Amino acid sequence: MSPRKIIIDTDPGQDDAVAILLALASPDEIEVLGITTVAGNVPLALTSKNARIVCELAGHPNAKVYAGCDAPLTRKLVTAEHVHGKTGLDGPVLPDPVMPLQDGHAVDFIIDTLRSEAPGTVTLCPLGPLTNIATAFQRAPDIVERVQQIVLMGGAYFEVGNITPTAEFNIYVDPEAADIVFRSGVDIVVMPLDVTHRALVTKARNDAFRAIPNRVGPAVAEMTDFFERFDLEKYGSAGAPLHDPCVTAYLIRPDLFSGRHVNVMVETGSDLTLGMTVADWWRVSGREPNALFIGDLDADGFFELLSERLARL
Ligand code: BDR
Ligand code: CA
């Protein structure tokens, strides 16, 4: 089978970085048409720089990176330096990128790619706030039905929230954009906190990354060393949750994940619960399912896949 064509829309972020590395390490299954950046964990200039640092770390300086929206559709940007550090990629010391950003805006790249590739052959993989995707859908409604699938990291049901008591960061930062995406009618797969909080980098898994005999493994170990402080303090968990790599792992090994087709709506009106993903896990609303909401994963299988693929870079 030919590899699946994807666009990674991202706000790196250590976990975004690992998701990108996994995709670039898996050319038999995934063809990365481009990487589009968005403001999220840190402002756009930094996410655009970090995406290129990661491509160069992977040995892919020819990857196409496009800068996108620098602020949510209607709200002021909320960032997460308290989790990811001042640069967004704190942890390893990595060189500034030499590869350039592509000319043109990420939203135009998304629109042009969906129009030029055969309908139903391009999957969007959002790993940050959904601003670029929603902007593309608003500006070019004809592309919506051309999307093969959206596999995104965002939201929560049982875990409720991480940035507020009821909202997960990516959805909270731009709830209006998330609302547009969830109402779009595109086939959506969601990696919520419910599953990503089970993808924990325990000490043994961190050691396995560090032991990979290339530059990438130790860098990933250092990223997760940094990133875990926040979750250890907050949740008392056994290590850093690798949220975003669940998206790219799903493209390679969907059998590692399980979930339910349910209806997911995004709260945009209430100050108290802004950005909450109301997932009808128990199917009590009568609303039509619009997403496959993932609830569990084979964590050992996921980390074996990661270590095996990162070793290829
Ligand atoms: C999500 O928010 C970001 O901090 C992470 O990169 C991930 O995409 C988790 O809530
Ligand atoms: Ca992210």
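Just so it is clear, the model here is predicted, and its values are computed rather than measured.
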Whether His243 and His197 hold their rings parallel, tilted or perpendicular, with breakpoints at 30° and 60° = tilted
Indicate the ring-plane relationship of Phe209 and Phe303, choosing parallel, tilted or perpendicular according to the 30° and 60° boundaries.
-> tilted
Indicate the atoms forming the closest heavy-atom contact of Cys125 with Leu251, along with that distance.
-> SG-CD1, 3.7 Å
Identify the two heavy atoms, one from Pro97 and one from Ile53, that lie closest to each other, and give their separation to 0.1 Å.
-> CD-CG1, 3.6 Å
Return yes if some donor-acceptor pair links the side-chain N/O of [X] with the main-chain N/O of [Y] below 3.5 Å, else return no.
{"X": "Asn41", "Y": "Glu81", "result": "no"}
{"X": "Ser270", "Y": "Thr273", "result": "yes"}
{"X": "Arg260", "Y": "Trp281", "result": "yes"}

Honestly curious: do Leu101 and Leu89 fall in one hydrophobic cluster under the side-chain, below-4.5 Å linking rule?
-> yes
Answer with yes or no whether the hydrophobic clustering places Leu297 together with Tyr157; edges join I, L, V, M, F, W, Y residues whose side-chain heavy atoms lie under 4.5 Å apart.
-> no
Of Val181, Leu124, Val144, the one forming a side chain to side chain contact (heavy atoms under 4.5 Å, CB included) with Val186 is Val144
Salt-bridged, Arg52 to Glu56, with N to O below 4.0 Å?
-> no
Taking only Lys NZ, Arg NE, NH1 and NH2, and the carboxylate oxygens of Asp or Glu, determine whether Arg309 and Glu304 approach each other closer than 4.0 Å.
-> no
Count the heavy atoms belonging to other residues, nucleotides or ligands that lie under 6.0 Å from CD of Glu145, then report whether that count exceeds 12.
-> no
If you draw a 6.0 Å radius around CG in Asp255, do more than 12 non-hydrogen atoms from other residues or ligands fall strictly inside?
-> yes
Criterion side-chain hydrogen bond (donor to acceptor under 3.5 Å, both in side chains) on Thr47 and Asn50, from CA distance to verdict | CA-CA 5 Å; Thr47 61; Asn50 292 345; over 6 Å; no
With no hydrogens and no angle check, just 3.5 Å: does a side-chain donor-acceptor pair link [X] and [Y]?
{"X": "Asn206", "Y": "Thr224", "result": "yes"}
{"X": "Thr135", "Y": "Asn132", "result": "no"}
{"X": "Asp179", "Y": "Thr268", "result": "no"}
{"X": "Gln149", "Y": "Asp187", "result": "yes"}

Salt bridge (Lys or Arg N to Asp or Glu O under 4.0 Å) between Arg4 and Glu31, intermediate numbers included | CA-CA 6 Å; Arg4 193 158 164 181; Glu31 180 183 351; over 6 Å; no
May I have the step-by-step check of side-chain hydrogen bond (donor to acceptor under 3.5 Å, both in side chains) for Asp296 and Ser258, ending in yes or no?
-> CA-CA 5 Å; Asp296 204 358; Ser258 58; 5.0 Å; no
Kindly compute the distance separating CD1 (Ile188) from CG (Leu292), expressed to the nearest 0.5 Å.
-> 10.5 Å
To the nearest 0.5 Å, atom CG of Asp9 lies from atom OG1 of Thr37 at 8.0 Å
Can Leu57 and Arg215 be said to form a side chain to side chain contact (heavy atoms under 4.5 Å, CB included), step by step?
-> CA-CA 7 Å; Leu57 173 65; Arg215 296 190 304 151; 4.3 Å; yes
Dump the intermediate steps for salt bridge (Lys or Arg N to Asp or Glu O under 4.0 Å) on Glu176 and Arg75, then the final yes or no.
-> CA-CA 9 Å; Glu176 283 74 21; Arg75 295 175 191 273; 2.7 Å; yes
Any chance the rings of His84 and Phe227 have centres within less than 6.0 Å?
-> yes
I would like to know whether Asp280 and Arg287 meet salt bridge (Lys or Arg N to Asp or Glu O under 4.0 Å); could you show each step before the answer?
-> CA-CA 8 Å; Asp280 186 8; Arg287 292 190 286 265; 5.7 Å; no
